[in-house]
Amino acid sequence: MSCNWGTELWDQFDNLEKHTSWGIDFLERYTKFVKERADIELSYAKQIRSLSKKYHPKRNREDESRYSWCLAFAATLQQLNELSVQREDLAENMNTQIVCELTRYTQELKAERKSHFQDGRRAQQHIESSWKQLESSKRRFERDCKEAERAQHVSDRIDLDNKTDGEKARQTAQQKQQAAEESRKDYVTSLNQFNQDQHQHYHTLVPVIYQRIQDMEERRIERIGEAMRSLAEADRKVLPVVSRCLDAMMDAAESIQPRKDTLQVVEVYKSGFDPPGDVEFEDYSATMRRSISESNIPGGITWLYSCPSLPLSVADPPILPPAASTPTPNLTFPWGSHNVCWCLMNVLMLQGSSPADCSHLPPEQRRKKLQSRINSINQEIQREREQRDALLKMREVYERSPQMGDASSLEPRLEEVKQNLQRLEEELRKNQVWLSEADSRLSDHSTRRQSGGYVFRSSSLLTSLCLHLSFLSPDGSYTEDHSAELHFKSRSSEFDDDFDDEEPLPSIGTCKSLYPFQGQNEGTLSMVEGELLSVVEEDKGDGWTRVRRNLEEEGYVPTSYIKVFLDSSAKGAMTYI
């Protein structure tokens with residue numbers, strides 16, 4: 001089947017003009033579709049990124065880095081963020097490789113189409129002009145022939161009637177015949193010219209122009225096909241990455257270990273205490289007697305060693321059980337009122353501030369706290385030793401090459417490092433002693449269970465004691481005061497919250513101050529020029545670095561004021577000054 005517009009559609013100039021105009025409109029519509037598709041992908045990527053950021057675990061939430069389900073969710077959010085990056089790349093490729101190219105091509109196509117149809121109109125105008133010329137010569141020839149015929153009839157009539165006028169009529173008839181002959185020649189010339197122009201128009205000009213229009217249309221259609229393939233290919237390029245992200249999400253989901261997480265809860269919250277034993281029977285049928293010597297002691301003080309809600313900590317003095325299995329009517333205090341005062345003072349001291357040996361914590365938590373502190377001190381000691389070795393090497397270099405620096409200028413810093421090492425080693429020894437004590441008490445406590453007393457936190461002693469005393473009327477009788485119970489429960493929860501100390505951040509390197517800085521705002525740390533500090537958190541883009549001096553002072557300093565040397569485990573190998 002022939003597919004040549006020049007031969008098949010030689011008489012469809014107007015329809016071709018409409019069809020090609022509609023084709024360009026379609027190309028512009030498809031370009032707009034791709035652009036809107038890219039905008040949707042970009043908007044989707046931004047929303048996914050915002051969602052991932054919204055639910056990303058907070059850096060100060062240690063619990064979310066401990067359990068497998070939290071880690072799995074964090075990994076899923078990270079992969080979701082990677083998906084948003086791929087969607088952004090897809091939108092950018094659509095805009096640059098398809099939308100921009102199609103927009104430029106559409107302008108070129110419009111200019112090309114305009115040029116081709118201008119050539120077609122000029123050819124059409126030329127053939128129409130040639131046809132008009134032919135029609136004009138034809139009408140003139142027809143008119144001259146009719147006039148010559150009438151002149152000949154007139155000449156023949158006059159020739160029969162009057163020979164004198166007949167000569168004049170014959171001359172007129174001859175002139176008309178000559179004019180008709182000239183018109184005939186003119187008509188023949190115009191006819192030949194028109195036939196020649198028409199042949200050239202329909203067999204040369206029109207096929208060439210229409211073929212160019214056809215080629216232009218085929219290129220436009222092919223370009224649309226290429227754009228569709230490019231769009232599909234851009235989608236296909238992100239599929240491997242999307243597939244990897246989905247696989248990573250599946251792996252994260254598979255990595256959740258319920259049993260491990262439940263054991264982790266035990267590891268985090270285990271106190272090391274034994275559960276309470278059986279509650280002894282209290283015989284209230286016996287007549288209660290109070291002695292004069294005990295009149296100054298609250299009537300219900302024997303409850304201290306009979307009620308299971310009144311525990312003592314491991315650090316408290318042992319509470320001796322009653323002499324008999326059931327309370328005796330004689331309310332004697334077998335371990336003395338001075339022990340009661342000691343216990344109350346001990347609890348009141350604990351309520352004011354936390355002891356350095358962490359004895360306020362449950363045994364297991366105390367052991368973990370001390371072990372964590374020892375690990376942190378060991379890291380600080382290692383860094384101080386590395387700084388000392390670096391300073392010693394620098395001093396040797398200065399001694400061998402005085403032009404490089406003054407060796408004596410390093411002595412103050414060496415002395416400071418030496419003092420820091422002594423202080424840290426002393427802290428390490430104390431904490432190791434406390435840890436040994438905690439381990440021994442924990443092991444001893446696990447092999448025995450007290451009868452008549454229970455081992456809990458010392459704060460519970462104060463709470464239970466005060467709560468019980470608040471229930472006693474001035475004469476020593478028991479009263480039901482629920483408001484007092486609620487009051488002391490809230491105080492107990494406030495006291496317990498005081499011991500939820502945040503673990504210090506581990507050091508990731510060291511830094512040297514280039515300039516002095518006066519930390520006047522809250523959360524900043526002052527430093528002098530040339531001071532060496534521990535880095536616990538890198539600059540997050542806000543211009544501040546979190547540092548620590550010794551083990552107590554910590555704060556932020558300007559990043560531009562220091563030179564940072566990160567450990568090999570953090571970023572690259574550590575660099576010395």
S.K.: Which residue pairs pass the salt bridge (charged side-chain N to carboxylate O under 4.0 Å, His left out) test with at least one member in residues 207-219, sequence neighbours excluded?
M.R.: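 For residues 207-219: E112-R219, E217-R220.
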
S.K.: Compare every heavy atom of L410 with every heavy atom of R395, then report the nearest pair and how far apart it is.
M.R.: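 Taking every non-hydrogen atom into account, N-CD1, 3.6 Å.
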
S.K.: side-chain contact (heavy atoms from CB on, under 4.5 Å) with Q419: which residues, sequence neighbours excluded?
M.R.: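 For Q419 the side-chain contact (heavy atoms from CB on, under 4.5 Å) partners, ignoring immediate neighbours, are E415.
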
S.K.: Going through the checks in order, is the side-chain hydrogen bond (donor to acceptor under 3.5 Å, both in side chains) test met by Q371 and N375?
M.R.: CA-CA 6 Å; Q371 186 62 56; N375 294 337; 3.2 Å; yes

S.K.: May I ask you to check whether over 12 heavy atoms, not counting those of R104, lie within 6.0 Å of atom CZ?
M.R.: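 Yes.
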
S.K.: Side chains of residues 527-535: which donor-acceptor partners sit under 3.5 Å, not counting sequence neighbours?
M.R.:
| from | atom 1 | to | atom 2 | distance (Å) |
| --- | --- | --- | --- | --- |
| E531 | OE1 | V528 | N | 3.2 |
| E531 | OE1 | R549 | NH2 | 3.3 |
| E531 | OE2 | R549 | NE | 2.6 |
| E531 | OE2 | R549 | NH2 | 3.1 |
| S534 | OG | E380 | OE1 | 3.4 |

S.K.: Can you list everything that forms a ring pair (Phe, Tyr, Trp, His ring centres under 6.0 Å) with F117? Sequence neighbours excluded, please.
M.R.: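 Ring pair (Phe, Tyr, Trp, His ring centres under 6.0 Å) check on F117 returns F13.
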
S.K.: Kindly list each side-chain donor-acceptor pair under 3.5 angstrom involving residues 30-42, sequence neighbours excluded, with atom names and distances?
M.R.:
| from | atom 1 | to | atom 2 | distance (Å) |
| --- | --- | --- | --- | --- |
| Y30 | OH | M228 | N | 3.4 |
| T31 | OG1 | L27 | O | 2.8 |
| R37 | NE | E41 | OE2 | 3.2 |
| R37 | NH2 | E41 | OE2 | 3.3 |
| R37 | NH2 | D235 | OD1 | 3.2 |
| R37 | NH2 | D235 | OD2 | 2.7 |
| E41 | OE1 | R87 | NH1 | 3.4 |

S.K.: Can you list every pair that meets salt bridge (charged side-chain N to carboxylate O under 4.0 Å, His left out) and has a residue in residues 246-261, with sequence neighbours left out?
M.R.: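 Pairs touching residues 246-261 that pass the test: none.
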
S.K.: Could you walk me through whether E538 and T559 pass the side chain to side chain contact (heavy atoms under 4.5 Å, CB included) test, one step at a time?
M.R.: CA-CA 9 Å; E538 289 186 81; T559 305; over 6 Å; no

S.K.: Flag the pair M249 / L80 as yes when at least one side-chain heavy-atom distance between them is below 4.5 Å, and no otherwise.
M.R.: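 Yes, their side chains come closer than 4.5 Å.
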
S.K.: Taking atom types as modelled, is there a side-chain donor on R383 or S507 under 3.5 Å from an acceptor on the other?
M.R.: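 Yes, a side-chain donor-acceptor pair sits under 3.5 Å.
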
S.K.: According to side-chain contact (heavy atoms from CB on, under 4.5 Å), who are the partners of V417, at least two apart in sequence or on a separate chain?
M.R.: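 Partners of V417 by the side-chain contact (heavy atoms from CB on, under 4.5 Å) criterion, ordered by chain and then number, come out as E384, Q387, R388, L391, R413, L421.
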
S.K.: The criterion is side-chain contact (heavy atoms from CB on, under 4.5 Å); which residues satisfy it with Q264, sequence neighbours excluded?
M.R.: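 Expected list: R66, Y67, E267, V268.
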
S.K.: Apply salt bridge (charged side-chain N to carboxylate O under 4.0 Å, His left out) to E28 and list each qualifying residue two or more places apart in sequence or on a separate chain.
M.R.: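 Applying salt bridge (charged side-chain N to carboxylate O under 4.0 Å, His left out) to E28 gives K110.
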
S.K.: Mind checking what makes side-chain hydrogen bond (donor to acceptor under 3.5 Å, both in side chains) contact with N95, not counting sequence neighbours?
M.R.: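 Not a single residue meets the side-chain hydrogen bond (donor to acceptor under 3.5 Å, both in side chains) criterion with N95.
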
S.K.: Is it true that R244 and E82 have a side-chain N and a carboxylate O under 4.0 angstrom from each other?
M.R.: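 Looking at E82 together with R244, the answer is no, because their closest N to O distance does not fall below 4.0 Å.
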
S.K.: Do you know the tightest heavy-atom contact between V536 and V547?
M.R.: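 Scanning both residues completely, I find the closest heavy atoms to be CG2-N, 4.1 Å.
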
S.K.: Take E386 and Q382, measure what side-chain hydrogen bond (donor to acceptor under 3.5 Å, both in side chains) needs, and give me the verdict at the end.
M.R.: CA-CA 6 Å; E386 291 175 353; Q382 181 62 26; 3.3 Å; yes

S.K.: Taking the side chain as every heavy atom from C-beta outward, state whether W544 and P558 have any pair of such atoms under 4.5 Å apart.
M.R.: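 With C-beta onward as the side chain, the pair touches.
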
S.K.: Residues two or more places apart in sequence or in another chain: which of them pass ring pair (Phe, Tyr, Trp, His ring centres under 6.0 Å) with Y515?
M.R.: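 Counting only residues at least two positions away or on another chain, Y515 forms a ring pair (Phe, Tyr, Trp, His ring centres under 6.0 Å) with Y561.
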
S.K.: Any ion pair linking R223 and E101 (charged N to carboxylate O, less than 4.0 Å)?
M.R.: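 The answer is yes: the pair qualifies as a salt bridge.
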
S.K.: The criterion is side-chain contact (heavy atoms from CB on, under 4.5 Å); which residues satisfy it with R229, sequence neighbours excluded?
M.R.: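 Testing R229 for side-chain contact (heavy atoms from CB on, under 4.5 Å), a comparison that skips the adjacent residues, returns E226.
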
